[in-house]
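Chain identifiers are assigned alphabetically (A, B, ...) following the order of the sequence lines, protein sequences preceding nucleic acid strands; residue numbering begins at 1 within each chain.
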There are 2 protein chains.
Amino acid sequence: MSERGATVYEILRHVRPLVLNSARVVEASLRADGVSVGMRAVLEMLAEQGPMTVPDIADRLDLARQGIQRHVNDLAGLGWVESRINPAHRRSVLIATTPAGAELFARIREGELSRLDRMAAECTSEEITTALRVLAALSRDVRAEVRT
Amino acid sequence: MSERGATVYEILRHVRPLVLNSARVVEASLRADGVSVGMRAVLEMLAEQGPMTVPDIADRLDLARQGIQRHVNDLAGLGWVESRINPAHRRSVLIATTPAGAELFARIREGELSRLDRMAAECTSEEITTALRVLAALSRDVRAEVRT
DNA sequence: TCGGACATGACAACAATGATGTCATATCCA
DNA sequence: TGGATATGACATCATTGTTGTCATGTCCGA
């Protein structure tokens with residue numbers, strides 16, 4: 001068995017607790033605004049990529065459109081996102097952050113970034129950049145494997 | 001805002017879909033044996049670290065002991081793990097893989113490793129090792145943040 | 001040695017979320 | 001134009017993480 005595959009295996013062993021623990025860390029600030037981690041992911045997508053339809057968000061987050069629709073409906077109920085007429089499609093509306101929603105996400109992101117600055121202090125900027133490249137490649141290939 | 005923190009943020013953005021997609025990939029082989037991803041994690045811990053108590057497994061997986069107890073009970077019902085008398089504690093039994101359970105996990109792991117060999121082919125062995133180091137440090141620090 | 005703090009297994013209930021299915025209608029393409 | 005597909009709305013279910021309770025066993029300090 002190749003050493004490479006075994007190292008990738010070790011990486012994947014770390015990501016599950018990492019996702020759980022990072023969700024736990026941001027959970028408190030999110031609850032104060034009535035936002036769940038799923039809703040936060042939708043808000044992030046809209047804030048960074050601009051308005052898009054529900055199926056578009058679902059595709060980019062690798063989730064079913066039905067689940068995203070729930071998050072969008074919840075976010076709309078809270079006033080963080082709103083629908084806009086889609087010039088290219090009468091039935092499928094565009095979802096966009098409201099000014100308040102954009103502000104909320106900026107606040108959330110700022111708080112998270114300030115914590116992340118203190119993480120993995122022993123690693124250099126170059127190592128972290130390398131890790132990002134590896135993670136992105138791995139994520140891309142595993143994603144492709146799903147669609148096999 | 002530091003570039004470092006932003007890069008770590010990008011890493012964390014990748015891990016959530018990665019966890020979901022990797023779970024989807026291994027899901028099929030697991031279902032054939034009646035094993036869920038949670039049960040697989042417990043089986044992995046016991047196969048690699050040896051017999052331990054339910055609270056021990058929970059601590060190492062960053063999960064509540066109640067959830068682990070469910071997985072252990074399910075695994076025991078399927079004959080993949082069994083309890084042994086704990087010489088150091090009358091009430092808290094040791095959980096261990098059965099020979100069949102150890103064999104099952106070895107089979108699962110072998111299948112997963114063979115897939116992983118083809119992942120992130122553009123990355124060198126050194127880059128993957130660096131990524132593992134960064135992930136481990138990040139995971140450790142985020143875990144510590146939870147307990148704040 | 002005793003007593004209180006803590007650990008453990010068993011059981012229960014709940015919330016978030018991912019998966020799946022259906023249906024009416026709109027859209028798109030051959 | 002007509003059939004295939006996309007979309008929103010609604011519904012259901014399984015997995016799993018979280019939390020709480022209770023009886024009993026264990027451990028440590030006074």
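- Salt bridge absent: A:R24 and A:E27 never bring a charged side-chain N and a carboxylate O closer than 4.0 Å.
- If you find the closest nucleotide of DNA chain D to A:L94 and to B:G67, the one lying nearer the 5' end belongs to A:L94.
- Looking at B:E48 and B:R109, a side-chain N of the basic residue comes within less than 4.0 Å of a carboxylate O on the acidic one, giving a salt bridge.
- Contact between the side-chain N/O atoms of A:S92 and the OP1/OP2 oxygens of C:dT27 is not found at any separation under 4.0 Å.
- B:I57 and B:L94 end up in different hydrophobic clusters when Ile, Leu, Val, Met, Phe, Trp and Tyr side chains are linked at under 4.5 Å.
- Between B:R4 and A:E127 there is no salt bridge, since no side-chain nitrogen of the basic residue lies less than 4.0 Å from a carboxylate oxygen of the acidic one.
- Between the CE atom of A:M52 and the P atom of D:dT7 there is a distance of 13 Å, rounded to whole Å.
- Remark: A:S36 is in phosphate contact with C:dT17, judged by side-chain N or O atoms under 4.0 Å from OP1 or OP2.
- One donor-acceptor pair, N or O on each side, does fall under 3.5 Å between the base of C:dG21 and the side chain of A:Q66.
- In this structure, B:R31 places its CZ atom 11 Å from C1' of C:dT20, rounding to the nearest Å.
- The distance from atom CG of B:L75 to atom P of D:dT16 is 11 Å, rounded to the nearest whole Å.
- If you measure from atom CG of B:N73 to atom C1' of C:dC11, you get 11 Å, rounded to the nearest angstrom.
- A:G38 comes within 4.0 angstrom of sugar-phosphate atoms only, judged by non-hydrogen atoms across all strands, and of no base.
- For A:H71, the listed nucleotide lying nearest its side chain is C:dG18; candidates were D:dT18, C:dG18, C:dG9.
- Toward the 5′ end of DNA chain C lies the nearest nucleotide of B:T53, the other residue of the pair B:T53 and B:R70 mapping further downstream.
- To the nearest angstrom, C1' of C:dA16 lies 13 Å from CG of A:L63.
- D:dG8 atom C1' lies 14 Å from atom CG of A:D56, rounded to whole Å.
- Remark: C1' of C:dG9 and CG of B:N86 are 13 Å apart, rounded to the nearest angstrom.
- Listed candidates were C:dG18, C:dG9, D:dT19. Nearest to the side chain of B:L20 is C:dG18.
- In this model, the phosphate group of C:dT8 is not approached by any side-chain N or O of B:Q69 to a distance below 4.0 Å at OP1 or OP2.
- Between A:D62 and A:R143 there is a salt bridge, since at least one side-chain N of the basic residue sits less than 4.0 Å from a carboxylate O of the acidic one.
- Look at CD1 on B:I85: it is 15 Å from P on D:dG25, rounded to the nearest Å.
- Mapping A:V54 and A:R16 onto DNA chain D by nearest heavy atom places A:V54 at the nucleotide closer to the 5' end.
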